Amino acid sequence: MSSNFTVACIDCGHKTPYTATSVSCPKCGGEWRETQYDFDKLKNSFVNLIKKRSFGLWRYKELLPVRSPGNELTLGEGGTPLIRAANLGMMLGLPNIYIKDERQGPTTSFKDRQAAVTIAALKEAGVTEAVIASTGNVAISYSAYSARAGIKLWAFITSLVPPVKMREVALYGTQVVKVTGNYDQAKQVAAQFAKKRGLYVDKGVRSITTVDSMKTIAFEIAEQLTNLLGPPGLLNTDSQPKAIWRTPDWYIQSVSGGLGPVGVLKGFSELQTMGLVEKIPSIANIQAEGCAPMVHAWKAGKEIADPIAVPKTHIATLATGDPGRTYTFLRQKMLSASGGTFESVTDEEAFKAMHILAKMEGISVEPATAVAFAGLIKMVRNGIIKPTDVIVINCTGHTVPVEQEVIGDNWAKDVEFPTPEIEASVPAEDGLLAALNRVTDDRYTRIAIVDDHPHVRQLIRRILQAQGEYELFEAEDGLSALKLTKENKPDLIILDLMMPEMDGFSVLDALRKDPNTASIPVIVVTAQELTSKEKERLQGQIQSLMQKGDFMSEELIEEVRALTK
Ligand SMILES: Cc1ncc(COP(=O)(O)O)c(C=O)c1O
Ligand SMILES: [Zn+2]
């Protein structure tokens, strides 16, 4: 029960008790206010209080602005898993990438946290009708919780939002209002409508409940990382560890309005205030290049972001052209508390990241979420993220039915079931078999994968199998590689260099000496930095050299295709 907090105006400092329906500071009229909890009291009891509760959003109810949270509205929000991205990590050379899987919320996006807390607070305040503007996911999530709470919801949605999303909003009983225009315009129309009707309108990052709901992502990450990696180490030998929870080096999130990072940053700051964590992670805010007002401002060192009048991205979810004061607020917090950066990626980079994540990690995300993953890849390649860094990336939304532009053509094979006429003339099985034969080749390209690490072999196998049809052979050392090559005559060998007993160099020597194997193309994949002498030894012996941890699946597959044409 959170009675031990007040709401403070960030402009004049004036403090008031919390009322869900009051939207501005009574003294100066400012709309930017934040909760302040009684941390002196909480810091001694918080960990013991939460210990007994199940892992979910309401576990942290002392730090949420709902006075008496009950169970009636919950749909199981929060408590999402933190999943290690081992394959993506191997491909990027980062062993510690963790995915905070917000797809597993009740309506498959991180907006469920915001909706659960906001609707609970509105219900407590007796609100029965409310208005929101949305790029899709907020409307879906608020609609679900409003249905449970008996609140009539009006959702102003831009016409850019995929129709499947709009229809889901309508299914919940929300009145959808399609606004032909961009998201910023939809927000204006919603605000006018609410004013005229005297209704509560959700103000996104300027609402108390929305920001505080997102803090729970930070709380969960700190607990989960500590469970996975153990508590933070001693700072120096003679001091006891002060903090008991661990934080990542980086927290990465795709950003439109900017609520996510603002809330998560507040969450980590509150943990730091209570002495539970030592440091606040650097925040990486990733935007779609065609609508990246915050990135432009950050890179230009500006305090205020210039709005983008016409967003040029297919990713409607992220099309907030005017971030307003949120950017200024976030920038100032990052500069004073956490550090971090703003980065942008193209729609194409995001779509590529969707493929990698689905094919290599079994995680299907919507384009807006893929923007964060494409940002991660870019930051690793730019050297901003280091191989030793611990990364948590917010996986904020599940794929809506996969759109054509993401999947492209040729993703299915067609089988025509034999028609009655054909079936009459040939035995039924022949008809079916003949149809199926047209689907598969008799002989696939044969590739040998030689590596002493089983997880590397598995990674390469997966990269190949997810994107083509190959007959694959595996060898875990040099001698079996040679034996396998003689027996199976592969069209291509993917070879590791560092292997016990017979290394890759010796395998190459033997292959090239034997006329039967001399011309098989070889791609060397190695983890080591090669000396100039070693590079010389490979000259003329191999067709391609790839660094482990520095090849993304697509590059390897391109090499393979080029060499086996
Ligand atoms: C999947 C997804 N990613 C990112 C965002 C951006 O969130 P914010 O507007 O809080 O920056 C949203 C917002 O709806 C979203 O649904
Ligand atoms: Zn004020």
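Both counts, for ligands and for their atoms, begin at 1 and track the order of listing. Keep in mind that the numbers below use all heavy atoms, side chains included, and drop hydrogens, waters and symmetry copies. Position 1 is the first residue of the sequence; numbering continues from there. Just so we're clear, the structure is a prediction, and the values are computed from it rather than from any experiment.
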Quiz item: Has Leu318 got any heavy atom lying under 4.0 angstrom from an atom of ligand 1?
Solution: yes
Quiz item: Which atoms from ligand 1 have a heavy atom of Leu259 less than 4.0 Å away?
Solution: 8 (P), 10 (O), 11 (O)
Quiz item: Has Lys352 got more than 12 heavy atoms of other residues, nucleotides or ligands less than 6.0 Å from its NZ?
Solution: no
Quiz item: What is the nearest protein non-hydrogen atom to atom 14 (O) of ligand 1, stated with its residue, atom name and distance?
Solution: Lys111 CE, 3.2 Å
Quiz item: Does Glu270 come within less than 4.0 Å of Lys215, counting only side-chain N to carboxylate O?
Solution: yes
Practice problem: Return the residue, atom name and 0.1 Å-rounded distance of the protein heavy atom closest to atom 16 (O) of ligand 1. | Solution: Asn137 ND2, 2.6 Å
Quiz item: If the Zn ion (ligand 2) is the vertex, what is the angle to SG of Cys25 and SG of Cys12, rounded to 10 degrees?
Solution: 100°
Quiz prompt | Closest to atom 11 (O) of ligand 1 among Ala288, Ala139, Gly258 (heavy-atom distance) | solution = Gly258
Quiz item: Less than 4.0 Å between a side-chain N and a carboxylate O, is that true for Glu129 and Arg197?
Solution: yes
Quiz item: Got an N/O contact under 3.5 Å between Ser256 and ligand 1?
Solution: yes
Self-check item: salt_bridge(Glu343, Lys299) N-O dist < 4.0 Å
Solution: yes
Quiz item: Which ligand 1 atoms are under 4.0 Å away from a heavy-atom of Gly260?
Solution: 10 (O)
Quiz item: Hey, is CD on Glu303 packed in by over 12 heavy atoms from elsewhere, all under 6.0 Å?
Solution: no
Quiz item: What residue and heavy atom of the protein are closest to atom 2 (C) of ligand 1, and at what distance?
Solution: Thr396 OG1, 3.3 Å
Quiz item: Starting from atom 9 (O) of ligand 1, which protein heavy atom do you reach first, and at what distance in Å?
Solution: Gly257 N, 2.8 Å
Quiz item: For atom 15 (C) of ligand 1, what's the nearest protein heavy atom and its distance?
Solution: Thr317 CG2, 3.3 Å
Quiz prompt | side-chain hydrogen bond (donor to acceptor under 3.5 Å, both in side chains) between Tyr60 and Glu223, intermediate numbers included | solution = CA-CA 12 Å; Tyr60 313 104; Glu223 284 202 77; 2.7 Å; yes
Quiz item: Side chains of Lys100 and Phe110: closer than 4.5 Å at any heavy-atom pair?
Solution: no
Quiz prompt | Whether over 12 other heavy atoms sit under 6.0 Å from Ile407 CD1 | solution = yes
Practice problem: Of the side chain and backbone of Glu366, name the one, both, or neither that has a heavy atom under 4.0 Å from an atom of ligand 1. | Solution: side chain
Practice problem: Just jot down the ligand 1 atoms closer than 4.0 angstrom to any heavy atom of Thr369, in number order. | Solution: 1 (C)
Quiz item: Looking only at heavy atoms of Ser109, does any of them come nearer than 4.0 Å to an atom of ligand 1?
Solution: no
Exercise. For the residue pair Phe156 and Phe193, categorise the inter-ring angle as parallel (less than 30°), tilted (30 to 60°) or perpendicular (more than 60°).
Key: tilted
Quiz item: For His398, does the NE2 atom sit with more than 12 other heavy atoms under 6.0 Å from it, leaving out its own atoms?
Solution: yes
Quiz prompt | Atoms of ligand 1, numbered as shown, that sit under 4.0 Å from any heavy atom of Ser254 | solution = 3 (N), 4 (C), 6 (C)
Quiz item: Does Cys9 bring an N, O or S atom to under 2.8 Å of the Zn ion (ligand 2)?
Solution: yes
